[in-house]
Amino acid sequence: MPISLYNSLTRRTEAFAPLDPARVTMYLCGPTVYNYVHIGNARGPVVFDVLARLLRRHYPHVVYARNITDVDDKINAAALGQGVAIGTITERFTAAYREDMAALGIAPPDIEPHATAHISEIITMIEALIGNGHAYAAEGHVLFDVSAYADYGKLSGRDTEDMIAGARVEVAPYKKNPADFVLWKPSTPELPGWDSPWGRGRPGWHIECSAMSAAHLGETIDIHAGGVDLQFPHHENEIAQSTCAHGGKVFARWWMHNGMLTFGGAKMSKSVGNVLLVHELLKLHPPEALRLLLLRGHYRQPLDWSEGAIAQAISTLDGWYRVLRDLADVELPAGALPVPARLEAALCDDLNTPQALAELAVLADAARQAGTAETKAALLGGGALLGLLQQDAEAWFKRGGAQAIDAAHIDALLEERRNARAARDFKRADAIRDELAAMNIVIEDGAQGTRWSVLKS
RNA sequence: GGCCUGGUGGCAGAGUGGUCAUGCAGCGGCCUGCAAAGCCGCGUACGCCGGUUCGAUUCCGACCUAGGCCUCCA
């Protein structure tokens, strides 16, 4: 089944064909590790995790890189503010990031390059840019010369004239052109820095992705992904640097941009302050419901966070896990789980996860009604491609058990209720049910007895 | 101001030039001691105004409106 992906560069959906089918390359701009990430930051990683899963089904070797930016002025500010070493901050939040991503069911990338481990590659790239006239040194800085790259602005659909006219930034005096951006900047003694031909300093923001992408994936990669808010200037600058440093070679063949998560009618953003940290949300809601929520909208559209949305996601998963719990004793066929064609087709159509989820719902209905090994396997196989439904169904319904739930006590109450019902003392039986409800436990009487679930996250 | 996306039933959210999205919630029925779950059924959605067409939610134009980028940002 061919994969079609929307390419931000051409503004069209195009049939995907890797440069080398034996080695498909993909790069996602990762976090700057100075704080916990918010749920909006997790959208790209979740969406492109699904893409990676899809690509791995189609190609034998996919190399997926997601970087860690561990040198940045915000990190410096955080370290200074807390009176600790920079490394203390970056190590702590790198670990936190990995934990958050894992909790959301995101498979680790194949490569997780760190900016500080690629300083020599960065310096080499900057030297190349100076050498071929695309960059210049000025007052300890090195800047990319936008006027020396004709295609600048192609990705974001703007031309240099407009940018200069609309520039709201103070233009540094050492810039030849207001749109020129920093490749290297000088560090004062208390700031992290590395020796370079231009003095002790540190890299600008954009160059690291270009250097790491080339170092691990090659000069031309298949897919470069990130949030739409990175399209300009970050990705535009990456294209300029990489293309000019590599003698005009295409940098990334597909550019993919995920839409923003909104909250309260506006983009969730640290500067606006309307953020919900993944680290905190994981304490409040089932992680899988967070993942489902992020996949419920098409990745290029904005998606709104709300309590209602998370409640819906939980209810949906309740329904699907109910099917799997009923089929707990049904043995799966031997071998790998099948991947349902219609669900895969939805994903192959520019990662249409809402359509894929609709197909998953159809598979859940089929499994509930037929109850066969095949239909169960199809449901699980479809879920696997989306990174859903992989936990034990019983665990889903009894989640959060650690805090307040005393299973033995619940079982004792259920036994008492069973006896009351046998004696047709329904008043007592209903009182016990109410007591359980007060504990946030719902019960269902079935042919094989009574079972219970936690009502809400 | 420039560039770019959207506006679909109570909510979320795909999609299509002319029969069904799907999920959540709601309503009626069956089942149940009563519930829950399940099953059956129900609700004449496509921002507004023009145009093209035998026919438009779907194509074209204007308008209204929401959001994103232009500055750190996923």
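So you know, we letter chains A, B, ... as the sequences are listed, proteins then strands, and number each from 1. Just so it is clear, the values below take in all heavy atoms, side chains as well, and ignore hydrogens, waters and symmetry mates. Note that the structure is a prediction, hence the values are computed from the model and not measured.
Contact annotation for A:H257: no contact, since no heavy-atom pair falls under 4.0 Å across all strands. Here A:S315 lies in heavy-atom contact (under 4.0 Å) with sugar-phosphate atoms only.
Pairing for B:rU19 is absent, with no Watson-Crick or G-U wobble pair whose two atom distances lie under 3.5 Å. Base-pair partner of B:rU58: not found among the strands shown (Watson-Crick or G-U wobble, both distances under 3.5 Å). The partner of B:rC3, taking Watson-Crick or G-U wobble pairs whose two distances both stay under 3.5 Å, is B:rG68. In this structure B:rG38 sits in a base pair with B:rC30, meeting the Watson-Crick or G-U test at under 3.5 Å.
A:R296 has no side-chain polar atom (N or O) that falls below the 4.0 Å cut-off from OP1 or OP2 of B:rA14. Not one side-chain nitrogen or oxygen of A:Q231 sits closer than 4.0 Å to the OP1 or OP2 atom of B:rC4.
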With the criterion being N/O to N/O and under 3.5 Å, what pairs connect the protein with nucleotides 66-68 of chain B, and how long is each?
{"unit_1": "B:rG68", "atom_1": "OP1", "unit_2": "A:K267", "atom_2": "N", "d": "3.2"}

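On the C1' atoms, B:rA62 is 34 Å away from B:rC20, given to the nearest whole Å. Between B:rC39 and B:rG50, the two P atoms lie 45 Å apart (nearest whole Å).
One finds no salt bridge joining A:R53 and A:E344 here, because no Lys/Arg side-chain nitrogen approaches an Asp/Glu carboxylate oxygen to under 4.0 Å. A:D411 has no carboxylate O lying under 4.0 Å from a charged side-chain N of A:R418, or vice versa, which leaves the two without a salt bridge.
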Q.
One character per nucleotide, please: for nucleotides 30-35 of chain B, 5' to 3', B when the base has a protein heavy atom closer than 4.0 Å, S when only the sugar-phosphate does, - otherwise.
A. ---BBB

